[in-house]
Each structure stands twice: as C-alpha cells, then as structure tokens.
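Note sheet for the following structure.
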Amino acid sequence: MGSIVLLDLLGGVALLLWGLHMVLSGVLRAFGPDLRRFLGKALRNRFTAFVAGLGLTAVLQSSTATGLMTTSLAADGVVSLVPALAIMLGANVGTTLIVQVLSFNISAAAPVLFVIGLVTFRVGGQSLTRALGRIAIGLGLTLLALHILVDTLAPAEQAPAVRVLLGAITHDPVLCIVIAAALTWAAHSSVAVVLLVMSLAYSHFVTGEAALALVLGANLGSAINPLLEGAVPGDPASRRLPLGNLLNRLVGILIALPFLPLLARELTALQPDAAKMTAEFHMLFNVALAVIFIAPLDAVAWLLVRILPERRQPVDPSVPRYLDETTLDAPSLAITNAARETLRMGDTVETMLSQVMTAIMTNDRKLAGEVSRMDNVVDRLTEAIKLYIARLTRGSLDEPEGRRAMEIVSFAINLEHVGDIIDKNLCELAVKEIKRRYQFSPEGAAELMAFHKRICESLRMALGVFMTGDVAAARRLIREKAELRSIELAAGDRHFDRLREGRPESIETSSLHLDILRDLKRIHSHICSVAYPVLEAAGELSARETVTGESATDALAVQPKLP
C-alpha cells in the first residue's frame with residue numbers, strides 16, 4: 001500500500017513538472033523574441049524593470065526561466081546590473097502570483113483546458129496557435145497534477161510510518177530549507193515545490209513551521225540554477241546577477257529563520273487553511289525582499305562588481321558566444337542565437353579573406369600563419385552551430401523555422417568552405433610566393449587586389465542578406481557573380497598578353513596569379529549561396545537561373561542534411 005502511494009505521489013510530481021514545462025515552452029515558442037525585446041526596453045529605471053520581471057514571470061510561470069533569460073541578457077551586456085537585479089526582484093514576486101492562483105481549487109477547469117488545448121494544437125496551422133494550445137494543455141496538466149497530489153496525500157495521512165518519516169525530516173527548519181532547496185534545484189521550478197508543500201500542509205503531513213521553512217528552501221533553490229547554468233563559462237562578471245539574486249534570498253532567509261515559530265502561529269490564526277497560509281507566506285516573503293532591496297540595488301551592484309570583476313584573460317574565439325542551450329525550447333530564440341553565431345563566424349572569415357591578400361602582397365609569412373590558424377576557429381564554430389541546430393530540430397518546428405534552420409547550417413558550411421580555401425590554398429600560395437621570393441608585376445598585382453576587393457564587398461553583402469533576407473541585395477549578389485566571371489576572363493587575357501610580351505614577373509608568377517584568381521572565384525561561389533534561398537522564397541528562382549545559367553538543382557545542392 002505504501003509503495004503504491006509513493007508511486008502515485010511521484011507520478012503527480014512528475015505530471016506537475018511536465019505541465020509547468022509545457023506552459024513555459026509554449027510561451028517561449030509563441031512570444032520568445034518579444035519577451036527578450038520587452039526585457040530590453042523595460043530598463044528606464046529599477047521600478048519599471050521590477051514590474052517587467054513580475055509580469056514576465058507571471059506569463060512564463062517560472063522565475064528560474066526569467067532568471068536564466070535575464071542572466072543571458074546581462075552576460076551579453078544588453079541589460080545593466082541594477083535593472084537586471086530589479087527584474088529578478090520582480091520575478092520572485094511574480095512566481096508567488098502563480099502560486100496564489102493555483103492555491104484555489106480550480107481543478108474542474110482541467111478538462112476544459114485539455115479540450116481547448118488539443119483542438120487549438122491540432123487544428124492550428126501557425127506556430128503561434130499551436131503554442132497557445134500547448135500552453136492550455138500545460139495548464140490543464142498542472143491542475144490535474146495538483147488534484148492527484150491532494151487525493152494521494154489524503155488517505156496516507158493516517159499512515160503512522162509516513163508521519164514518522166516526515167516528522168523526522170521536517171522537525172528541523174534548517175534541514176527543511178536544505179531539502180526544499182535541493183528539490184527546487186533538481187526540478188528547476190520553485191512553483192512546483194511550493195505547490196507540493198501546500199499539498200503536504202493541506203493534508204497535515206507537515207506542521208505550519210515546517211511548511212514555512214520548506215517555502216524558504218524553495219526560494220533559495222530557485223536562485224541556484226541561474227548561478228550554475230546561466231553564466232558564461234570562464235567569465236566571472238556574468239555571475240554577478242545570479243549571485244546577487246542568491247545573496248538577497250540568503251539575507252531574507254537568515255532574517256526570517258528565527259521568527260518562523262511566531263510567523264507560523266500568527267499566519268495560522270489569520271488563515272486557518274494551511275495550503276493558503278503557505279501560499280500567502282511565499283508572497284509575503286518575496287514582497288518583503290523586494291521592499292528591502294529595491295532601494296540599495298546600487299550598493300549591491302557595486303559589491304558584486306568588486307567580488308566578480310571583469311574577465312582579464314583573452315576570450316577563446318572558437319568558443320560559441322550565442323548558442324544558449326536554455327533557449328532550445330524556444331525555436332525562434334534559438335534560431336536567432338544560431339544566426340548571430342554564424343554572423344560572428346562570418347566576421348572571422350572576412351578577417352581571414354582580408355589578411356591573406358595582405359600576406360601575399362607583402363610577403364608576410366607570420367601573417368599567413370595567423371590566417372591559417374584562424375581556420376581552426378571557423379571549423380570549431382561550424383561544428384558547434386551544426387550540433388546546436390541538430391538538437392533544436394529534434395523538437396517540433398514549423399515550416400518557416402525548419403527552413404531558416406537549414407539556411408543557417410547551409411551558410412555556415414559554405415563559410416567553412418571559404419575558410420578552407422583560404423587556409424589550404426591561398427595561405428599555401430602565400431608561403432610558396434614568400435619562399436621563392438616571387439614578385440607580381442604592378443599591373444598583375446593591381447588586378448588581383450581589385451578582384452579581391454570585390455570579393456570582400458560581396459562577402460559583406462552576403463552577411464547582410466543572411467541576416468535580413470533582402471531580396472534586392474540578393475539580386476545584386478547574383479549579378480555580381482556573373483560580372484566577376486567576365487572580370488576573371490578579362491584578367492586572364494591581360495595576364496597572357498603580359499606573358500606574350502615576355503614580362504619576367506608575369507612569367508615566374510603565372511601559375512600563382514591564375515591560382516589566386518581561381519580560388520577567389522571559388523570563394524565567391526560559396527558566398528553567393530546565401531542568395532539562393534532568399535530568391536527562391538521570393539519566387540525569383542527562374543529569374544536567377546536566367547542570370548547565372550545554373551539549374552535549380554545545382555543551385556540548391558548546397559543545402560545540407562543535418563548530422
């Protein structure tokens with residue numbers, strides 16, 4: 001009998017966690033980019049930031065999710081420390097509103113939410129509609145889980161063994177705080193743990209004092225996850241916000257701990273319902289913390305800066321900056337992150353392309369070596385982007401999201417090919433030229449530099465097309481491809497004219513000159529690949545074929561399959 005009760009209890013907790021997860025993922029899928037922009041704009045002062053954190057957490061149903069998102073923004077420098085701390089104070093109050101609503105017996109609404117959610121999810125063709133259906137189903141699961149927990153705990157109330165076990169665990173308030181903090185850290189949800197404590201208190205499994213101590217532990221545990229998961233590895237400054245949030249929770253717990261017996265008696269006298277009393281203490285504690293800390297946030301921020309100064313060591317450029325694992329449940333946010341990382345990789349490729357020609361023209365072997373080493377950065381970033389997109393596509397993506405994910409992987413692979421051409425071909429040509437002390441003729445050097453300049457301009461244009469999807473820019477990119485073919489042929493003809501004239505520089509650099517032209521043209525072909533999906537989406541693929549003379553099959557062959 002006891003094992004069945006325990007199994008039902010674990011099942012109810014699991015269902016509660018999954019329901020909250022569905023609500024969170026649904027909200028992030030529907031409103032992810034808007035929520036990030038909303039946070040970025042709500043920074044006029046600490047009070048608007050506080051309200052933003054409160055509202056965002058009420059929508060997400062998770063202060064942990066708000067904490068991870070805000071920590072990411074603070075680590076990127078989008079949010080300064082004082083408003084970020086205010087956002088977290090608001091998030092801590094926002095999570096209490098969810099508990100307050102769920103403290104009422106509204107489990108009868110669960111079937112209605114299931115029906116609405118299922119119909120919306122199955123019938124809705126757009127990602128927003130399906131996400132709203134997911135939210136409704138998640139809310140229904142949360143209410144059903146609470147009903148299961150109450151029904152499971154009610155008959156077990158008379159079991160002596162259960163009472164002895166819980167009495168042994170919860171007789172010490174400090175032990176209660178530690179246990180609840182560990183549960184909240186494991187569950188990633190203070191709401192779920194507080195709701196569980198409410199069920200235990202309602203069924204008289206724990207005393208009022210123990211229930212309050214468990215609530216304090218849940219508040220402590222919710223501040224641990226952002227500290228461990230939201231900060232940038234190796235950057236101490238990115239831990240300022242989660243550490244500040246953890247410190248204000250610890251201060252609040254230390255202040256409240258000696259008064260728990262008095263608080264339990266007074267609150268029980270005011271609210272005999274143990275479950276509602278637990279929810280009200282949860283709100284009272286977080287509101288009190290907000291009142292205490294909202295004014296001295298500048299001092300708290302100063303202290304955090306002293307404790308965690310800016311990182312002094314150089315950043316490893318091969319480590320991804322924007323591939324945030326916490327946003328994989330929000331495809332729109334994750335796709336934006338992958339695009340930003342690909343754009344950063346494109347900046348590295350642009351630097352390689354620019355410097356390799358400088359190395360060739362100035363006989364700088366050291367610079368050629370540096371460019372060659374940069375290709376390792378490009379290779380590692382490409383692998384990281386592909387794996388990130390692969391994990392993202394394991395979930396459900398709508399058609400536009402899936403198409404954009406493939407475009408990102410395709411462009412990343414093409415950029416990697418550009419890096420390989422620069423490393424394996426152009427850098428080797430530079431070393432060969434330096435070793436044999438070749439010198440281009442003035443006319444040949446000018447032709448190569450002019451051709452290279454147009455390739456660099458096309459790369460910058462391609463990066464813009466990748467981020468904006470500008471159809472006009474995509475057309476210009478493809479037109480440039482056709483023009484460069486003519487320029488390459490003309491440059492080759494002029495080179496052969498110099499060979500017929502017997503120019504010594506042209507004779508000794510002939511192979512080198514033509515190889516550089518060929519490799520730059522190959523680079524341009526990979527660069528132009530970004531324009532194909534844009535023109536295809538705009539219905540201009542046939543027009544593009546007329547310009548380039550390529551078939552649709554050849555043009556789209558650059559689209560890869562995920563590993």
Side-chain angles (χ1 to χ4, degrees), residues 342-343 345-354 356-357 360 371 375 378-379 382 385 406-429 447-467 469-492 495 512-538 540-561:
T342 306
L343 186 64
M345 186 175 77
D347 292 337
T348 303
V349 171
E350 183 182 356
T351 302
M352 293 175 64
L353 181 60
S354 174
V356 73
M357 187 57 71
I360 290 173
V371 171
D375 186 53
V378 173
D379 291 342
T382 304
I385 292 167
M406 293 301 100
E407 290 173 5
I408 291 171
V409 174
S410 173
F411 190 51
I413 290 174
N414 277 288
L415 287 175
E416 183 186 28
H417 290 332
V418 172
D420 289 341
I421 293 171
I422 295 172
D423 176 31
K424 304 295 191 302
N425 296 72
L426 291 177
C427 284
E428 290 185 5
L429 291 175
E447 287 174 359
L448 289 176
M449 291 300 294
F451 197 78
H452 172 262
K453 181 180 178 182
R454 296 190 69 157
I455 302 296
C456 291
E457 291 171 351
S458 292
L459 177 56
R460 287 190 286 271
M461 190 188 306
L463 294 175
V465 170
F466 171 70
M467 292 304 294
D470 187 342
V471 177
R475 289 196 209 103
R476 288 198 300 273
L477 196 59
I478 297 302
R479 283 198 298 269
E480 181 73 4
K481 182 176 182 179
E483 291 175 9
L484 278 173
R485 287 178 175 176
S486 301
I487 293 173
E488 181 201 13
L489 292 174
H495 176 70
L512 192 64
H513 187 103
L514 295 176
D515 285 345
I516 292 173
L517 285 175
R518 179 205 61 198
D519 290 333
L520 290 176
K521 179 172 170 289
R522 288 173 58 205
I523 287 172
H524 195 267
S525 295
H526 287 295
I527 292 170
C528 290
S529 67
V530 74
Y532 300 153
V534 175
L535 294 175
E536 183 184 25
E540 299 188 14
L541 190 60
S542 58
R544 190 265 305 160
E545 290 170 357
T546 301
V547 173
T548 63
E550 294 177 13
S551 68
T553 303
D554 293 336
L556 297 176
V558 294
Q559 299 293 336
K561 293 183 179 179

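Keep in mind that what you see is a predicted model, and the values were worked out from it rather than measured.
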Report the C-alpha separation of Glu350 and Ser354 in whole Å, then their side-chain angles, then the decisive distance to 0.1 Å, and conclude whether the side chain to side chain contact (heavy atoms under 4.5 Å, CB included) test is met.
-> CA-CA 6 Å; Glu350 183 182 356; Ser354 174; 5.6 Å; no
Side chain of [X], backbone of [Y]: donor and acceptor closer than 3.5 Å?
X: Ser410; Y: Met406; result: no
X: His524; Y: Glu480; result: no
X: Ser529; Y: Ser525; result: no

Side chain proximity check, [X] to [Y], heavy atoms < 4.5 angstrom:
X: Phe411; Y: Leu463; result: yes
X: Met357; Y: Ile516; result: yes
X: Glu428; Y: Asp423; result: no
X: Arg522; Y: Val418; result: no
X: Ile478; Y: Tyr532; result: yes
X: Asn414; Y: Ile527; result: no
X: Val378; Y: Thr382; result: yes

Nearest atoms (heavy-atom pairs only) where [X] meets [Y]:
X: Pro533; Y: Glu407; value: CB-OE2, 3.5 Å
X: Gly419; Y: Met352; value: O-CE, 3.8 Å
X: Ala473; Y: Val465; value: CB-CG2, 3.5 Å
X: Val471; Y: Ala538; value: CG2-CB, 3.9 Å
X: Ile385; Y: Thr342; value: CD1-OG1, 3.5 Å
X: Gly469; Y: Val534; value: O-CG1, 3.5 Å

Working to the nearest 0.5 Å, report the span between [atom1] of [X] and [atom2] of [Y].
X: Leu459; Y: His526; atom1: CG; atom2: NE2; answer: 12.5 Å
X: Ile421; Y: Cys427; atom1: CD1; atom2: SG; answer: 12.0 Å
X: Cys528; Y: Met461; atom1: SG; atom2: CE; answer: 9.0 Å
X: Arg460; Y: Leu477; atom1: CZ; atom2: CG; answer: 12.5 Å

Mind running side chain to side chain contact (heavy atoms under 4.5 Å, CB included) on Ile455 and Leu484 for me, showing each step along the way?
-> CA-CA 9 Å; Ile455 302 296; Leu484 278 173; 3.6 Å; yes
List the steps and the verdict of side chain to side chain contact (heavy atoms under 4.5 Å, CB included) for Lys521 and Arg485.
-> CA-CA 8 Å; Lys521 179 172 170 289; Arg485 287 178 175 176; 4.1 Å; yes
Partner set under salt bridge (Lys or Arg N to Asp or Glu O under 4.0 Å) for Glu483, not counting sequence neighbours |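 For Glu483, the residues satisfying salt bridge (Lys or Arg N to Asp or Glu O under 4.0 Å) (neighbours in sequence not counted) are Arg454.
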Residue that, paired with Leu426, satisfies side chain to side chain contact (heavy atoms under 4.5 Å, CB included) out of Val371, Leu520, Asp515 |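 Only one option passes, and that is Leu520.
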Neighbour count >12 (heavy atoms, 6.0 Å) for atom NZ, Lys453 |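 No - once you tally the heavy atoms of other residues, nucleotides and ligands closer than 6.0 Å, there are 12 at most.
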Quick one: do His417 and Ile523 satisfy side chain to side chain contact (heavy atoms under 4.5 Å, CB included)? Show the steps, please.
-> CA-CA 8 Å; His417 290 332; Ile523 287 172; over 6 Å; no
Inter- and intrachain pairs under salt bridge (Lys or Arg N to Asp or Glu O under 4.0 Å), touching residues 408-421, at least two apart =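 Sorted pair list comes back empty.
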